[in-house]
Amino acid sequence: MRVLVCIKRVPAVAGRITLTDGDRAIDARYLGFTIGPHEECGVEEAVRLIEAHGGESVVLTLGPAEATEQLRDAMALGISRAIHLVTDGEEWDGQCAAAAIVDAVRADEAANGPFDLILLGNEAADSGGYQVPARLGRALGRPAVAGIKGLAVADGKVRLEQEAGGGRDVYEVALPAVVSVLEGINLPRYPSVPGRIRAKSKPIAPSSPVRPEQRLAMIRLVVPQTSATEAVVLGNGPDAAPAVVDMLASLGVL
Amino acid sequence: MRAVLCLVTVADGAAASGVADEVSLQALAAASALASGGAVHALVIGEGGASAAADLGAWGATQVHVATHLALTSFAPDAWARILADLADTLGVAAVVGPGSDAGNTVLARVAARLDLPFAANCTAVVPGDTVVVTRARWGGSLLEEAAINAPRAILTTQPHSIAKTSTGGSAAVVTFAPTLDDADLAVRVVGHVEAAKGGVSLAEAKIVVSGGRGVGSTDGFAPIEELAGLLGAAVGCSRAVTISGWRPHTDQVGQTGTKIAPDLYIACGISGATQHMAGVKGAKTILAINKDHEAPIMTGADYAVIGDLATVVPAISAAIRARRTG
Ligand SMILES: Cc1cc2nc3c(=O)[nH]c(=O)nc-3n(C[C@H](O)[C@H](O)[C@H](O)COP(=O)(O)OP(=O)(O)OC[C@H]3O[C@@H](n4cnc5c(N)ncnc54)[C@H](O)[C@@H]3O)c2cc1C
Ligand SMILES: Nc1ncnc2c1ncn2[C@@H]1O[C@H](COP(=O)(O)O)[C@@H](O)[C@H]1O
């Protein structure tokens, strides 16, 4: 089978976010870059599907030249090749990103045949757009199922599980299909050294789509105000236990 | 003044409950704001919605539409999107709003895809106008974005628990209708349900959660955390550093890509307090951090802290609780 997984390069923010560029971007000078946890699981799922069923896995990103780093990371885990829609680094809204991805999928499928599955994250880690999977499904005329934590392919169909009301809802759709996954669907592997070496010679096909006018147009980013009060230190080491217990008692939880 | 359409879902996802969920009432408040005095249409889908419909006038709806169809016995996101999009066209509304729940986001994204319009997910504020301007959550709410929706019709969802529901005490006429659906609209639908094995305190609902992070060091390192949780009747949680190390299952993860919790008390042991972790505990009333680093970011997010090695602090707290109970 053939599986495509879509990933997005995002800054690895951890502490308090600072902004640059007239409050239109995260100051990433001191940060590394990564992909979202959902997408890491998407990559793992793609690799596992090809290990189990044979075929080819492809990774795609729409992002700056530096996003080759994320494509190589995915290939180090076992993805065969990459499609890079190179941008100048400015963000694309979900509608524009999806349209460019659809064009790239159509072009690749015209040459290499259809993807049985297109895997994505449920939402991008940074923008949280919650829409690219639905737009891909609609544009390509394929069933799209969001928020998946269990996936099994058999007999030209895929059975999908989604957490719901303490249990799991089950979907079953025909392939080809578009599926967005959530972290927890699997436990992604770590790259091996041979995997990293092999990834260096795997092909990346670049193209440069034109950024259309944005219809969800960012005005500015705002870091929400939090009451950044320092915690009351109850003590140091095990000697703090009585003070903790007093605090718990005052909360009425004992 | 403009007409607005709002998707209302029922609590528990189970059609049977017949009560609108909180997040939908919050979406209805945003819809009312966007309508600025114009008609606020609410749509509930499925038989189970019918009993919820009657109350929506009190929360800002001026008219309620109930869509019933033989094929709508289980969730079918494309069918829901078709019904919303068709009704939006029929009513000529200026905006379509929904709750920023899993179901709401996937349905409204599909509405936007069908109508080829932009989609703004998880808005925390809306400003009505010819061009609707929204504030929306990024990074699970750790960052906000102000954006203009450059479209004749705004499609958006509201971030759960950021816009207050507003009681208007009004009443609304309820119309039931049978939507048109094709097989293609029903290709994606829930065909079964697997019950989860019950046991322990559920993380999402727990009043107290004791969590461990990388500082716990290993799977076995969680024994004292489990012990403290047991004494407090608490659920055990963890950070992503723990789940990706394979020490705990992802179902225990708290945060942006884990479970979002709102306990009365959150005890974070050996967790640094990354924004994505804290995005999951915004609703916690009191946070106690146990960390050997007095400069860890969690020190500004927590109410109380103990500075020290959790491997000795946590058992000491358990012992002190026992002593107090028996003493
Ligand atoms: C898009 C995205 C989504 C994410 N989603 C989530 C999420 O949902 N949940 C989540 O948790 N993370 C999430 N993360 C990861 C997050 O950024 C952090 O990497 C993670 O929370 C760190 O976990 P930690 O605090 O356990 O580890 P660390 O950051 O390594 O912190 C360990 C802490 O333990 C303390 N410590 C060490 N040893 C001891 C000891 N013996 N006693 C006491 N203290 C000790 C250290 O001082 C330190 O403060 C996400 C990241 C991204 C990019
Ligand atoms: N620029 C991009 N390049 C590749 N994939 C993307 C891009 N933006 C979004 N996606 C994919 O679509 C998913 C959902 O993104 P979104 O709808 O923007 O929240 C992400 O998790 C990715 O898998």
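Quick caveat: nothing in here was measured; it's all calculated off a predicted structure. Proteins get letters first, then strands, A, B, ... in listed order; numbering begins at 1 in each.
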* Answer yes or no: is there a donor N or O on one side and an acceptor on the other, between the side chain of B/Arg136 and the main chain of A/Ser127, under 3.5 Å? =>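 Pair found, side chain donor or acceptor close to backbone of A/Ser127.
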* How far apart are the C-alpha atoms of A/Glu230 and B/Thr300, what are their side-chain angles, what is the distance that settles it, and do they pass the side-chain contact (heavy atoms from CB on, under 4.5 Å) test? -> CA-CA 5 Å; A/Glu230 286 290 321; B/Thr300 49; 3.0 Å; yes
Which bit of [X] is near chain B, if near means a heavy-atom gap under 4.5 Å: side chain, backbone, both or neither?
X        : value
A/Glu213 : neither
A/Met218 : both
A/Leu136 : neither
A/Ala144 : both
A/Leu216 : both
A/Arg138 : side chain
A/Val244 : side chain

* Asked: Ion pair present between B/Arg189 and A/Asp169, side-chain N to carboxylate O less than 4.0 angstrom?
  ->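 Salt bridge: no.
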* Asked: So, B/Arg240 and A/Glu40, do they make that salt bridge, N to O below 4.0 Å?
  ->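 Salt bridge: yes.
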* To do: Kindly indicate, with the supporting measurements, whether the criterion salt bridge (charged side-chain N to carboxylate O under 4.0 Å, His left out) is fulfilled by A/Glu91 and B/Arg138.
  => CA-CA 13 Å; A/Glu91 190 173 70; B/Arg138 287 181 165 242; 2.5 Å; yes
* Asked: Does a donor on one side chain and an acceptor on the other come within less than 3.5 Å for A/Gln95 and B/Asp116?
  ->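 Short answer, yes.
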Is there side-chain contact between [X] and [Y], with heavy atoms separated by less than 4.5 Å?
X        : Y        : answer
A/Asn236 : B/Val306 : no
A/Gln131 : B/Arg110 : no
A/Leu248 : B/Ile321 : yes
B/Glu146 : A/Val222 : yes
B/Thr275 : A/Val13  : yes
B/Leu265 : A/Leu251 : yes
A/Leu254 : B/Leu232 : yes
A/Arg215 : B/Ile149 : no

Any chance you could measure [X], atom [atom1], to [Y], atom [atom2], to the nearest 0.5 Å?
X        : Y        : atom1 : atom2 : result
A/Tyr190 : B/Ser245 : OH    : OG    : 5.0 Å
B/Asn105 : A/Glu123 : CG    : CD    : 8.5 Å
B/Thr106 : A/Tyr130 : OG1   : OH    : 11.0 Å
A/Ile26  : B/Trp139 : CD1   : CH2   : 5.5 Å
A/Gln162 : B/His193 : CD    : NE2   : 11.0 Å
A/Leu19  : B/Leu143 : CG    : CG    : 6.0 Å

* For chain B, which residues from residues 178-186 of chain A have at least one heavy atom closer than 4.5 Å to it? ->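 From residues 178-186 of chain A, the residues near chain B are A/Glu183, A/Gly184.
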* Option that, when pairs with chain B are counted at under 4.5 Å, heavy atom only, ranks first among A/Arg159, A/Arg220, A/Arg16 ->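 Max contact count across the listed options: A/Arg220.
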* **Residue, of A/Pro224, A/Gly128, A/Cys96, A/Ala134, that accumulates the most heavy atom pairs under 4.5 Å with chain B** =>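 It is A/Pro224.
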* To do: Start with the C-alpha gap between A/Ile219 and B/Val133, add the side-chain angles, then the distance that decides, and say whether side-chain contact (heavy atoms from CB on, under 4.5 Å) holds.
  => CA-CA 9 Å; A/Ile219 299 167; B/Val133 174; 3.9 Å; yes
Heavy-atom cut-off 4.5 Å, strictly under: side chain, backbone, both or neither for [X] against chain A?
X        : result
B/Ala204 : neither
B/Ile208 : side chain
B/His250 : side chain
B/Thr251 : side chain
B/Thr286 : side chain

* In this structure, are over 12 heavy atoms from other groups packed under 6.0 Å from B/Asp102 atom CG? ->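 No, the 6.0 Å shell around CG holds no more than 12 heavy atoms from other groups.
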* Asked: More than 12 foreign heavy atoms under 6.0 Å from NZ of B/Lys207: is that the case here?
  ->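 No, the 6.0 Å shell around NZ holds no more than 12 heavy atoms from other groups.
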With respect to chain A, which residue among [options] yields the maximal number of heavy-atom pairs within a distance under 4.5 Å?
options                                : result
B/Asp264, B/Leu117, B/Thr243, B/Asn122 : B/Leu117
B/His277, B/Gln253, B/Lys285           : B/Gln253
B/Val191, B/Ile287, B/Leu288           : B/Val191
B/Ser318, B/Pro118, B/Ala274           : B/Pro118
B/Ile290, B/Ile317, B/Thr257           : B/Thr257
B/Pro249, B/Ser142, B/Pro315, B/Ala289 : B/Ser142

* Could you name the residues of residues 307-314 of chain B that have a heavy atom within less than 4.5 Å of a heavy atom in chain A? ->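 Interface residues of residues 307-314 of chain B: B/Ile307, B/Gly308, B/Thr312, B/Val313.
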